[in-house]
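Protein chains get the first letters and strands the later ones, always in sequence-line order, with residue 1 at the start of each.
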There are 2 protein chains.
Amino acid sequence: MQSAAKIDHPCRQCAFYAESVWHPVEQDSLRSLAQNFVRRDLSEGEVLFEQGTDNRGVFCVSRGLIALRTHHADGNSTLLRLAYPGEVIGFRSFLGDGQHQTEARALTPSRVCTVPRSASSHLLQDNPAIMKQLATRCVREIDRTHERICSAATKTYKEQLADLLMTLMDHHGEQQQKGQRHMRLPLSRSDLADLLGVQPETLSRLIKRLEKDGWVQIKGRHVTMLSHPLRDLSASIG
Amino acid sequence: MQSAAKIDHPCRQCAFYAESVWHPVEQDSLRSLAQNFVRRDLSEGEVLFEQGTDNRGVFCVSRGLIALRTHHADGNSTLLRLAYPGEVIGFRSFLGDGQHQTEARALTPSRVCTVPRSASSHLLQDNPAIMKQLATRCVREIDRTHERICSAATKTYKEQLADLLMTLMDHHGEQQQKGQRHMRLPLSRSDLADLLGVQPETLSRLIKRLEKDGWVQIKGRHVTMLSHPLRDLSASIG
DNA sequence: CGGAACGTTGAAAGCTATCAACACCGGTGG
DNA sequence: CCACCGGTGTTGATAGCTTTCAACGTTCCG
């Protein structure tokens with residue numbers, strides 16, 4: 001074995017290798033990436049990083065579901081975003097002031113790949129193309145938040161909840177008999193409320209109103225909806 | 001005169017030179033920057049770029065005030081952001097899909113410095129440090145939008161309007177006699193409403209309620225407020 | 001069994017959207 | 001000079017929605 005043996009890219013086995021932020025890392029730096037690369041498994045409810053702590057690197061979700069939440073001074077909190085496999089988190093504080101503005105917590109058992117902060121910095125110096133990748137993730141985040149601001153200004157809470165449930169169903173749903181999809185909700189009622197920006201009581205009533213429309217049923221964490229809600233049904237949501 | 005004469009950085013005379021995205025441009029590329037650099041003056045109400053059009057470069061606000069707005073399918077619109085001198089706009093579509101998601105319109109007579117898209121791309125290739133600058137602007141935009149989402153979820157419209165007026169006063173206000181500040185509102189009532197995400201009628205009533213608290217007066221576009229609103233006053237806003 | 005966390009329901013109060021009407025202002029044209 | 005007009009901003013009344021507080025039901029676990 002020679003010391004110059006080709007090192008395999010740590011992300012190659014990942015389903016999201018093609019658009020990995022570390023994709024641009026070239027042979028010279030691959031050893032550093034491979035040596036510092038850390039895979040970590042999180043159980044449900046476990047915290048990846050806490051709000052207000054120093055950034056310790058760049059995190060990439062490999063499996064599961066991570067919730068990014070900011071806690072406010074009054075004790076309340078807002079769920080800013082759900083991060084699915086393939087998404088990168090913690091890059092804002094890595095690129096920015098170095099302090100996490102959000103808490104990252106696993107909503108389901110998850111796996112996260114981490115490149116520590118110092119290694120990330122070095123890789124970034126040697127592989128400028130990585131910055132372009134991070135910028136792309138930034139743009140995606142900006143689009144996401146703009147979309148959310150517009151939704152909040154345009155749609156009723158009921159519509160927003162309907163949209164949210166459809167998105168969740170796309171990620172977690174499984175086809176069932178006769179045109180129905182089913183999923184286990186990965187979020188508690190409080191989390192759903194934090195995501196919409198309403199009180200839990202209101203969320204409960206929104207769910208009731210949604211169920212009355214007939215295209216979705218929600219009992220506890222079990223959600224069932226028509227696979228292809230008719231246009232006139234979704235139009236009646238307003 | 002020799003052709004290798006040192007070229008001055010086009011942004012050097014700008015008050016925001018130190019944090020300009022083009023600051024990292026080095027001597028070799030300065031000629032290209034200087035040649036393509038375009039200063040443009042906009043009169044009040046003039047459009048810099050329209051939503052849905054192709055990105056034509058990176059824009060830096062030098063003077064005045066630019067409003068970034070997205071128009072929705074139903075004819076309504078949301079004012080996403082105000083861009084003050086020193087801020088960069090259009091970078092999202094430059095880095096992203098190349099289509100402007102927002103409309104940029106001058107709220108006051110303004111000056112904008114533009115580096116056309118192709119020149120920007122070339123400069124970015126030759127000066128990778130520019131990408132870091134753009135990423136910093138991205139992070140700032142992400143922080144701004146997160147802040148806004150949290151505000152919307154946490155504060156009442158009345159508080160949001162109070163915050164907005166204070167921010168505007170910080171930018172546009174002028175000291176007056178006996179601890180008062182005055183400004184000419186750079187936004188119409190509709191724009192203010194779009195910024196908060198409420199209807200114009202509601203904004204009118206919010207203003208009335210704010211005036212009843214006694215620390216601010218708003219007549220037309222003339223706003224007067226106490227220079228240092230007492231703590232208990234701002235606490236009574238809720 | 002008891003307790004804690006989670007979720008639902010009810011009633012009252014407060015706020016916003018909507019529709020309609022009106023006031024105000026600047027500019028145009030007779 | 002004045003009437004008219006469109007754009008802009010305000011006011012009123014009503015209906016619908018959310019918040020808040022309090023109470024109750026459920027589930028899970030020690």
Asks: Could you tell me whether A/Asp54 and A/Arg117 make a salt bridge, using a distance below 4.0 angstrom between a side-chain N and a carboxylate O?
Replies: no
Asks: Would you call A/Lys158-A/Asp163 a salt bridge at under 4.0 Å N-O?
Replies: no
Asks: Expressed in angstrom and rounded to an integer, what is the separation of A/His222 atom NE2 from D/dT27 atom C1'?
Replies: 13 Å
Asks: Search all heavy atoms of B/Pro116 against all heavy atoms of B/Asn36 and return the closest pair with its distance.
Replies: CD-O, 3.2 Å
Asks: Whether A/Glu50 and A/Arg105 form a salt bridge (side-chain N of Lys/Arg under 4.0 Å from carboxylate O of Asp/Glu) is what I want to check.
Replies: no
Asks: Specify the separation, in whole Å, of atom CD of A/Gln199 and atom C1' of D/dT20.
Replies: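 After rounding, the reported distance stands at 8 Å.
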Asks: Can you tabulate the close N/O pairs, meaning under 3.5 Å, that link protein atoms to atoms of nucleotides 4-9 of chain C?
Replies:
from	atom 1	to	atom 2	distance (Å)
C/dG7	OP1	A/Arg189	N	3.4
C/dG7	OP2	A/Arg189	N	3.3
C/dT8	OP1	A/Arg189	NH2	3.3
C/dT8	OP2	A/Arg189	NE	3.2
C/dT8	OP2	A/Ser204	OG	3.4
C/dT8	O5'	A/Ser204	OG	3.3

Asks: Write down the distance between CG (A/Leu161) and P (D/dC17), rounded to a whole number of angstrom.
Replies: 14 Å
Asks: Do A/Arg140 and A/Glu147 sit within salt-bridge range, that is, some charged N less than 4.0 Å from a carboxylate O?
Replies: no
Asks: Starting from P on C/dA23, measure out to NZ on B/Lys219 and report it in whole angstrom.
Replies: 17 Å
Asks: Taking atom P of C/dT16 as reference, at what distance in whole Å does atom CG of B/Asp194 sit?
Replies: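 Atom-to-atom, B/Asp194 to C/dT16, this comes out as 16 Å.
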Asks: Between atom CG in B/Leu210 and atom C1' in C/dC15, what is the gap in whole Å?
Replies: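 Value for this atom pair: 15 Å.
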Asks: Taking atom C1' of C/dA17 as reference, at what distance in whole Å does atom NZ of A/Lys155 sit?
Replies: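 So the two atoms are 19 Å apart, to the nearest Å.
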Asks: Hey, are B/Asp97 and B/Arg92 close enough for a salt bridge, meaning a charged N less than 4.0 Å from a carboxylate O?
Replies: yes
Asks: How close or far is atom C1' of D/dG7 from atom CG of B/Asp191, stated in whole angstroms?
Replies: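 Between C1' of D/dG7 and CG of B/Asp191: 14 Å.
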Asks: Under a 4.0 Å threshold between the charged nitrogen and the carboxylate oxygen, would A/Glu141 count as salt-bridged to A/Arg81?
Replies: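 Judged by the 4.0 Å cut-off on N to carboxylate O distance, A/Arg81 and A/Glu141 do form a salt bridge.
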Asks: What is the ring orientation for B/Phe59 with B/Phe49, classed by angle as parallel under 30°, tilted 30 to 60°, or perpendicular over 60°?
Replies: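 If you compare the ring of B/Phe59 with that of B/Phe49, the planes turn out tilted.
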Asks: Mind running a 4.0 Å heavy-atom check of residues 72-80 of chain B against DNA chain D and sending the residues that fall below it, in number order?
Replies: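 Heavy-atom cutoff 4.0 Å gives no residues at all.
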Asks: Check the orientation of B/His172 and B/Tyr84. Use parallel for under 30°, tilted for 30 to 60°, and perpendicular for over 60°.
Replies: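 The rings of B/His172 and B/Tyr84 sit tilted, inter-plane angle from 30° to 60°.
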